[in-house]
There are 2 protein chains.
Amino acid sequence: MTTSADLRIHNLVRLLRAVHDADEPLTRAGVARLLGIGRNTAAALVGELEAAALLHEVPAGATGRGRPTTSLLPHPDGPVAIAADLREDTWTLARIEVGGRLTELASGEHDRTPAVFAEIRAATRRHAGDRLAALGVAVAGPVRHGRRLHISHLDWDDVDLAEHVGDEWPTTVDNDARLAGLAEARRGALRGAGTALHFHIDFDIGGTLLLGGDAQRGAGNIAGEFGHMPLTGSPLWCRCGVQGCWSLQVGTNALLRHVGQEAGHGRGREAGREILARAEAGDARAGRAVDDNAAALGHGLGALANALDPEVITLSGLGVELLRLRRDLIERSCAEKLMRFRRAEPPSILAGTVGEASPLRGAAELAFDTILTPAWLQARLPARPPAGASARASMTARRP
Amino acid sequence: MTTSADLRIHNLVRLLRAVHDADEPLTRAGVARLLGIGRNTAAALVGELEAAALLHEVPAGATGRGRPTTSLLPHPDGPVAIAADLREDTWTLARIEVGGRLTELASGEHDRTPAVFAEIRAATRRHAGDRLAALGVAVAGPVRHGRRLHISHLDWDDVDLAEHVGDEWPTTVDNDARLAGLAEARRGALRGAGTALHFHIDFDIGGTLLLGGDAQRGAGNIAGEFGHMPLTGSPLWCRCGVQGCWSLQVGTNALLRHVGQEAGHGRGREAGREILARAEAGDARAGRAVDDNAAALGHGLGALANALDPEVITLSGLGVELLRLRRDLIERSCAEKLMRFRRAEPPSILAGTVGEASPLRGAAELAFDTILTPAWLQARLPARPPAGASARASMTARRP
DNA sequence: GTCTTATGTTCGAGACGAGAACATAATCCT
DNA sequence: AGGATTATGTTCTCGTCTCGAACATAAGAC
């Protein structure tokens, strides 16, 4: 970022990012105010983005006095991302455009082997069209260096994604808990939070630290395994190879184990939900299982809040239900583990607002993050006319 | 960052930051290469910084072929920072200039009450001169919202710094462990690390997460209390109000407790060092105390590495000695708590290279961070001549 | 039907960094 | 000793950027 040309690209990215991040379509005048640039500059930037088929201007509905402006919508020929969410035995594919509108494309079951990636690729190919710019995939495990996948409950140990992903499109595979958090940070309850934590509770517990709206990845892209810290003193050994992991007491597996059912191998999500239902209906044993889960969850959150000082913590997956059923217990347990001087201002603990599809939404954000960059935009921009040439030669938007 | 003027300031800050961060004085030609700007642009930027009394150009010693260039040194009338390190019964004051040269100014003992801040202010006033631009203070406890200080071993509970710090100079007070980490990230073993952890081990253990060279502060400036997570299952209650804190097993207090001596209240640092000496000399009981400390340290580091995935972990304070005496045990204990798939690439654990004064150095970096910003630079820059005026009217550098 | 208000559009101004061409000061080589 | 080589400093032109001011335009308000 040193030259005037860089400045232009920087401002183009800022504008496009603003449009993408907004909940409601922005207007051209509105984006000028938002970015603190002049109306003339906004007109030039938007024009360039329209020429690159990245935005489409349409007359905005009248909103009051003054000359009507235009709404900035995704361009009909603009780039789209495809996001996939890969679970223990199913997968979902969706298409996302600039601005965040998400359309589900396909879904299927799979045989618990990495062959599912070929299935996802095939489905992607079917729906790709010529607008597909990037692919994001959420998986239920850490992806070392973005390439080597570990999902212990599927016995996927060190799966080399290079062999399964292909290079037809720029593809990023990442951890579902991290992506769920990213979705909350960009379009959910963590919007605007400077420092936040998100935990995605499914069979076990995964999470991510969010700083300024970005999910932290660590040195090897495997940050966020908060579930594998010994926070609550469990005597059990975890499949990860460590004794006492927090995950042994929080999540579906912990619930199942508590009522004496078999846990692990990515089975029993339904049985876990049933335990919650029985607890809600008054069953004592199920209730104790849920209590245990909630207390362990709260204790861990308190410990992590001491270390990372989030202003807010959100939960997705099973966490939403735990919060609905046992908010008090979670908050009390959290406070127990908070340093005394923190108890006056504990972090708020909220249910995520993005919903069930938050890993999918996060995968979409991830895909767009690879797109909304100076480098990509630079390559995408049509060559500028070499000075003196007519600026409005053609209204036909073309892509180079 | 939208206009050409912002671009200029941005590049000025980049240049000044490069000079400040460098180990050796940079040359003008060197900085042009480093920043990827033209020699002409570099000349203009440096000229402006010289005019603002921020840099001083002096002929560089010949280094080979080619026309000799100039070295970029701190300006003799340039801004300086003063840094203070406040320990349980002593304080130290030092002066730092652009580029990082540090001169110790004064030190003293104190009575363990916040009255020491007045002493530090008085000493600062004695040494301030008219070049003092910012003050940074390292303290052995969390500083909530940058204002409210908690040091449990001095029984300082919620000390309001507004009453003790004054507003003669821009002053930032922050946690010593965080600042020690910042010093390592800027001038020590963590240079260039994207994701890193630093732990400062003294009576207990404090730390910080470092991302891209910046120490994370959390939502209320109280991130980094890793020592108050229950990572190693201690049954004891901590003074912070929580049971089982990691700090109960790591640090001078833990050493003292292990050999049956009284621990706490910020006393016994010498006795702690003695235990290390006895252990080194072969004393069995002291040896077991050190073993216990080292094992607990390693276990905690492993757990934290699972969650945060640092590429490197550094230690300062007592940690340097523990590493010297028990590196193997620390690394083995760390690996025990690492998830199995991480054990092939464990984070390196290194002694900090900044040395004993790392909190002080970190406080200096902190002070300069408040200086080396676009806003400060903008205010500092002399008004530009209104165009057409002679550019080299006067060689006399003045400050507005 | 006119006034008010918000936005679009046009044009000139000021500033910035790049790049090329040239000047300069050291070392290297014969 | 003197020319060749090399790296840097300096100067000037050029293209680009955003801004601000002035004016044009399209809606609602009175």
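Quick note on labels: first sequence line is chain A, next is B, and so on, each numbered from 1.
- Note on A/Arg39: every side-chain N or O is 4.0 Å or more away from OP1 and OP2 of D/dC19.
- Taking for each of A/Gly36 and B/Ala29 the nucleotide of DNA chain D with the nearest heavy atom, the 5'-most of the two is the partner of B/Ala29.
- Put simply, CG on A/Leu35 is 15 Å from C1' on D/dC19, counting in whole angstrom units.
- Side-chain atoms of B/Arg8 lie closest to C/dG17 of the nucleotides C/dG17, D/dT8, D/dA27.
- Summarising the geometry, the separation between CD on B/Glu57 and C1' on D/dG9 is reported as 10 Å, rounded to the nearest angstrom.
- B/Asp23 and B/Arg187 are not joined by a salt bridge, as no carboxylate oxygen comes within less than 4.0 angstrom of a charged side-chain nitrogen.
- Within the 3.5 Å criterion, the main-chain N or O of B/Phe368 finds no donor-acceptor partner in the side chain of B/Thr370.
- For the pair B/Leu45 CG and D/dG9 P, the computed distance is 13 Å after rounding to whole Å.
- Between the CZ atom of A/Arg14 and the P atom of D/dT18 there is a distance of 10 Å, given to the nearest Å.
- A/Arg65 has no side-chain polar atom (N or O) that falls below the 4.0 Å cut-off from OP1 or OP2 of C/dC3.
- Taking atom CE of A/Met1 as the reference point, atom C1' of C/dC16 lies 12 Å away to the nearest angstrom.
- For B/Ile37, taking side-chain heavy atoms from C-beta onward, the closest of the listed nucleotides C/dC16, D/dC19, C/dA18 is C/dA18.
- One N or O on the side chain of A/Thr353 and one on the backbone of A/Ala189 form a donor-acceptor pair closer than 3.5 Å.
- In this structure, B/Ile9 places its CD1 atom 15 Å from C1' of C/dG14, rounding to the nearest Å.
- The only option from A/Leu12, A/Val19, A/Asn11 that meets the side-chain contact (heavy atoms from CB on, under 4.5 Å) definition with A/Leu15 turns out to be A/Val19.
- Around the CZ atom of B/Arg14, the shell of radius 6.0 Å holds more than 12 heavy atoms that belong to other residues, nucleotides or ligands.
- Comparing D/dG9, C/dG8, C/dG17 by their closest approach to the side chain of B/Arg67 singles out D/dG9.
- Checking A/Thr70 against B/Thr41, the closest nucleotide of DNA chain C that is more toward the 5' end is the one next to A/Thr70.
- For D/dC19, the OP1/OP2 oxygens have no side-chain nitrogen or oxygen of B/Ser4 closer than 4.0 Å.
- Across all strands shown, B/Thr2 has heavy atoms under 4.0 Å from sugar-phosphate atoms exclusively, and none from any base.
- The shortest distance between the side-chain N/O atoms of A/Asn11 and the OP1/OP2 oxygens of D/dT18 is below 4.0 Å.
- In this structure, CG of B/Leu381 is placed 14 Å from C1' of C/dA15, rounded to the nearest angstrom.
- Taking 3.5 Å as the limit, the base of C/dG19 and the side chain of B/Asn40 contain a donor-acceptor pair of atoms between them.
- Within the 4.0 Å cut-off from OP1 or OP2 of C/dA15, not a single side-chain nitrogen or oxygen of B/Thr3 is found.
- Using a 4.0 Å cut-off, some side-chain N or O of B/Arg28 falls inside it from OP1 or OP2 of D/dG9.
- Spacing between atom CG of B/Asp6 and atom P of D/dT16 amounts to 21 Å, rounded to whole angstrom units.
- If you check the side chains of A/His198 and A/Thr314, you find a donor sitting under 3.5 Å from an acceptor.
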